[in-house]
Amino acid sequence: MIRMTEPSKITSQSVPDHQPAAGGIAARARASVGPKYLSGLNPEQREAVETLDGPVLVLAGAGTGKTRVLTTRIAHILSQGRARPAEILSVTFTNKAAREMKHRLGQMLGHAVEGMPWLGTFHSIGGRILRFHAELAQLKSNFTVLDVDDQVRLLKQLLQAESIDDKRWPARMLAGLIDGWKNRGLMPSQVPSGEAAMFANGKGGKLYASYQERLKILNAADFGDLLLENIRIFREHPDILRQYQQRFKFILVDEYQDTNVAQYLWLRLLSQAPAKPAAQAVIPGRLEEPNPESGDESTDRDSGFDAAHRPGMTERAAIAAAPAGPTKNICCVGDDDQSIYGWRGAEVDNILRFEHDFPGAKVIRLERNYRSTGHILAAASHLIAHNEGRLGKTLRTEDHDGEKVTVTGSWDSEEEARGIGEEIEQLQRQGEKLNEIAILVRASYQMREFEDRFVTLGLPYRVIGGPRFYERAEIRDALAYLRVINSPADDLAFERIVNTPKRGLGDATVQMLHDHARKRRIPLFEAARAVVETDELKPKARGSLRDLITQFDRWRAQREVTAHTDLAQIVLDESGYTEMWQKDRSADAAGRLENLKELVRSMEEFENLQGFLEHISLVMDREGGAEDDAVSLMTLHSAKGLEFDNVFLPGWEEGLFPSQRTLDEQGRAGLEEERRLGHVGLTRARRRAKIYFATNRRIHGTWSTTIPSRFLDELPAANVEITESKGGSAWGGTGGYGASRFDDMEAFGSSYSTPGWQRAQANRNRGGGRGGGGRGGFEEEASTFSSASSSPDFGSFSSRRRGPLTIEGELVAKSTGTTSEFSLSDRVFHQKFGYGHVTKIDGNKLTIAFDKAGEKKVVDSFVQRA
DNA sequence: GTATTAGACAGGGGA
DNA sequence: TGTCTAATAC
């Protein structure tokens, strides 16, 4: 067997060239004789496609042909006759990825892929399985999938029932906690008691339990349940698990680095070879064992490890330790360097520990990048090499070096936006398509300045991300109507639309219905039906409630004889919902009506109302009017998976990127995740990557002086070019700042741009301190930044890291050693803070008592003698 | 049932 | 400084 992916060989820095190992040549020779779908693959890709048996981890770096490998692998399995389409389980995270795979597979196989019923997102497949066994989860198979809004409203009701102060303990927080527990695969009884007690003075666990009970009554499941209930069913009913284990001959997982504990457990259960009936009785018992109700707090406390990870990890380890039969053919594709969803429950550990979890796993690295030029790739690789917790890959390209990555400093974020605007116009003049230009920001509030600028320039742009189609109010309202028709017990939906459009059924009426429903243990809709027969309501409310019920009865009857798209249109018209928006004269009313039309149109794809509703909450995506040529504006997170010729990366400043909050909350792990985000950003670029940082940025309305991001220091000098801001108007001033603004630019330039930026020493010893603070200026909040960056936790590298211990050719800022030319009590002027006097001097850092702005710390180059 | 105002808060956002 | 939510006033 040829193994060209011996990890130590490929990742070792001692392999200097890009020649494939000897095995690669043999594989290449083989390539010429294989089926034609294999012919365009490189040796590693081909190995990833052809290694069908046993667990396989494909470490696919950015731009290395990941999707191609996945789809080709499926084609290969099918063409080899190893499995039928319905025997392949293929999971992705997003609908978009699932669609993309279906599409590419269709192209490859030359026909539609209707025969791949198990290709989809984790949640859509989990939901599908749950519908088959709904009764085992005390649900009916037409259960509703609740989204976050429904969830929060339900929790609010529970909090009210428990008389818990909604202010101190917001429903959103509880929703977040429950979501976190579910992500970690924890049922109410399994939540460590310490954590359960965190909310509302110990009521957290109880609330989780009663929330679950309420869900069953409402015949509803939230997103977490779609997987968690699967896991429960699999554990409690080994025969059912075995059935799925036998069905899925092959399992493929996309973006494995983004899986959470629940998804890991789910995969783990499905990927084991079917157990013999005799062993069944034993395994489920073993699985439950490690989670006694008492919880293992002592383990949590003793461990210095982030407590949030422990329980899941314990659970995880227990499963892995269970006597698993031989693992089936599971192939996980992912890139640990692109794991950026830790805050959403993703466990990088899942991918880092793959070989441990799936013994005998084969690890294949895809390191040939087909996207970016040499300089861009070198910059990205060099940056990510600073991470310790990684499996290690070295991306390489056969492309030419191209343009160096640029780093540009600006005085403030306005100038940054102006400069980028001008560069984009220049690119446009050079014939670049706007569609091939993207601006990737860390935080969405950064977008505004760009939008303002682009509007002024008349530069077409589009914002990617933002609220999703099905989260819009009008869509959710329309769906609520359909939900009530489909499932009369859906109280949440009923409550949503009972007074939309306005029918004079206000809070008082709804409260009354609630009381009634609770007393008799019936759904709200039935309560309403009963109440209109009494005289408990005022005649007006009673009349309109009766009308509403009559309408619903009529719609339900029509459902039998009318196409579901027509029914939807009828419901929207007859209920007065369409009219409500037609009367609305606000600016977005027309758009909302358009969205409703789009909703009705999209229903055509489904067979009936039931089918539509089952999938809607999982599947609806925002439709893109992507035809026009426009600059794309989005967050780094939503850029994952995309690529552009030209990528602008503004806001590389401490506190913003890396985000201070992530650092505070996640410490070193957070820093590494931020760094991966930087790596993702850079690797989106094909030909040009342009990084920016500003010296001043408005944060919550007040101007703050910021320090350039430490990530800038981590870029390799050989691949980076420092440029002056092309904002240009630092001179001409659109007003306000005058000439001294340029003075500050000069000060900035001398401390950072020219002599300050230099090649690093070839050897930088561990613990020797990074070139941390003291770059640019900072004020009081900034002290937290500098302490973070100089803490050994963040800056140092342990000797066991597998990348280069010392990094050559890094950029470092000028050291902080310079002495200030100012003396105590000197009268000084600062551009943003005005006049003040020096009260303390620490190297080049001055503490200044400003007349108006109070006491702040500032780097001396930012003030001048007054 | 709608208009106004005070207050909180300000990171990434899939299914 | 701006935006969004919730409570309050009409």
Side-chain angles (χ1 to χ4, degrees), chain A residues 91-98 120-128 130 145-152 156 166-167 170-172 176 179 182-183 221-228 254-255 258-260 262-263 339-346 413 440-449 452 464-471 499-509 540-541 584 614-622 634-641 651 655-666 670 673-674 676-678 680-681 697-704 781:
Chain A
V91 279
T92 64
F93 272 83
T94 62
N95 291 307
K96 198 177 157 205
T121 63
F122 274 101
H123 291 89
S124 68
I125 289 171
R128 190 179 156 90
L130 186 54
V145 179
L146 300 189
D147 59 30
V148 189
D149 255 44
D150 293 322
Q151 223 177 326
V152 169
K156 226 172 237 174
D166 185 78
K167 281 260 169 56
R172 287 209 168 269
D179 205 46
K182 288 186 174 179
N183 282 340
D222 64 19
F223 285 115
D225 286 340
L226 297 182
L227 286 168
L228 200 53
D254 191 15
E255 308 275 18
D258 289 338
T259 49
N260 59 35
Q263 286 155 342
S339 165
I340 55 175
Y341 284 108
W343 51 274
R344 218 161 56 186
S413 43
L440 312 182
V441 296
R442 174 63 181 83
S444 52
Y445 63 74
Q446 289 172 262
M447 291 185 187
R448 234 178 111 154
E449 250 161 343
D452 289 349
I464 314 279
R468 317 204 80 68
F469 187 70
Y470 66 82
E471 284 167 0
N499 200 29
T500 310
K502 305 278 181 260
R503 297 191 175 85
L505 301 169
D507 288 347
T509 313
K540 208 176 135 204
D584 191 307
E614 277 179 15
H615 287 276
I616 191 63
S617 54
L618 300 173
V619 165
M620 282 296 277
D621 265 340
R622 136 204 297 272
M634 68 191 94
T635 62
L636 285 164
H637 281 93
S638 42
K640 198 174 112 182
L656 175 58
F657 184 56
S659 146
Q660 188 57 42
R661 215 164 137 179
T662 302
L663 261 40
D664 291 345
E665 286 166 15
Q666 308 288 332
E673 185 155 308
E674 294 285 303
R676 291 194 289 265
L677 206 44
V680 166
R697 188 170 293 274
R698 207 183 340 220
I699 300 170
H700 312 326
T702 49
W703 284 98
S704 299
E781 303 98 288

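Computed from a predicted structure; not experimentally measured. Below, chain A is the first sequence line, B the second, and so on; all start at residue 1.
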Within the modelled atom types, does a donor on one side and an acceptor on the other bring the side chain of A/Glu673 and the base of B/dG11 under 3.5 Å apart?
-> no
Do A/His123 and A/Gln263 come close enough that some side-chain heavy atom pair is under 4.5 Å?
-> yes
Ignoring backbone atoms, establish whether A/Ser444 has a side-chain N or O less than 4.0 Å from OP1 or OP2 of B/dG13.
-> no
With the side chain defined as heavy atoms from C-beta on, A/Arg448 is closest, among C/dG2, C/dA6, B/dG13, to C/dG2
A/Lys640 bridged to A/Glu255 by N-O distance under 4.0 Å | yes
For A/Phe223 and B/dG14, what is the distance between atoms CZ and P respectively, to the nearest whole Å?
-> 10 Å
Would you mind reading off the distance between A/Arg442 atom CZ and B/dG13 atom C1', rounded to a whole angstrom?
-> 11 Å
Evaluate whether the aromatic ring of A/Tyr341 and the six-membered ring of the B/dG12 base sit under 5.5 Å apart, centre to centre, with an inclination under 30°.
-> no
For the residue pair A/Met634 and A/Leu440, establish whether any side-chain heavy-atom pair is separated by less than 4.5 Å.
-> yes
Take atom CG of A/Leu440 and atom C1' of B/dG12, then tell me their distance rounded to the nearest Å.
-> 14 Å
Expected output: side-chain A/Asp225 to main-chain A/Leu228 donor-acceptor under 3.5 Å | no
To the nearest angstrom, the CH2-P distance between A/Trp343 and B/dG13 comes to 6 Å
Select one nucleotide: of B/dG11, B/dG13, C/dG2, the one nearest the side-chain heavy atoms of A/Thr635.
-> B/dG13
Return the nearest nucleotide to the side chain of A/Lys167; candidates are B/dA15, C/dA7, B/dG11.
-> C/dA7
A/Gln151 CD - B/dA15 C1' separation (whole Å) | 11 Å
Whole angstrom is fine here: how far is it from CG in A/Asp254 over to P in B/dA15?
-> 12 Å
Look at the side chain of A/His123 and decide which nucleotide, out of B/dA15, C/dA6, B/dG12, has an atom nearest to it.
-> B/dA15
Between B/dA10, B/dG11, B/dG14, which nucleotide has the shortest distance from any of its atoms to the side chain of A/Thr94?
-> B/dG14
Looking across every strand, which nucleic acid part, if any, lies under 4.0 Å from A/Lys156 by heavy atom: base, sugar-phosphate, or nothing?
-> sugar-phosphate
Counting side-chain heavy atoms from C-beta on, which of B/dG12, B/dT2, C/dG2 comes nearest to A/Lys502?
-> B/dT2
Counting only side-chain N and O atoms of A/Asn95, is one of them less than 4.0 Å from OP1 or OP2 of B/dA15?
-> yes
Rounded to the nearest angstrom, tell me the gap between atom CD in A/Glu674 and atom C1' in B/dG11.
-> 8 Å
For A/Asp258 and B/dG13, what is the distance between atoms CG and P respectively, to the nearest whole Å?
-> 14 Å
Any side-chain heavy atom of A/Arg661 sitting closer than 4.5 Å to one from A/Trp343?
-> no
Ranking A/Gly506 and A/Ser659 by the position along DNA chain B of their nearest nucleotide, the one closer to 5' is A/Gly506
The answer to which of A/Ser638 and A/Asn499 contacts DNA chain B further toward the 5' end, by nearest nucleotide, is A/Asn499
Would A/His700 pass as stacked on B/dA10, i.e. its ring centre under 5.5 Å from the base's six-membered ring centre and planes under 30° apart?
-> yes
Is any side-chain heavy atom of A/Met447 closer than 4.5 Å to a side-chain heavy atom of A/Thr635?
-> yes
C/dT3 versus B/dG12 - spacing of their P atoms, nearest Å = 15 Å
Looking at the side chain of A/Glu665, which of B/dG12, B/dG11, C/dG2 is the nearest nucleotide?
-> B/dG11
Distance, P atom - from C/dC4 to B/dG11, rounded to whole angstrom = 13 Å
Touch class at under 4.0 angstrom, heavy-atom based, for A/Gly504 against every strand present = sugar-phosphate
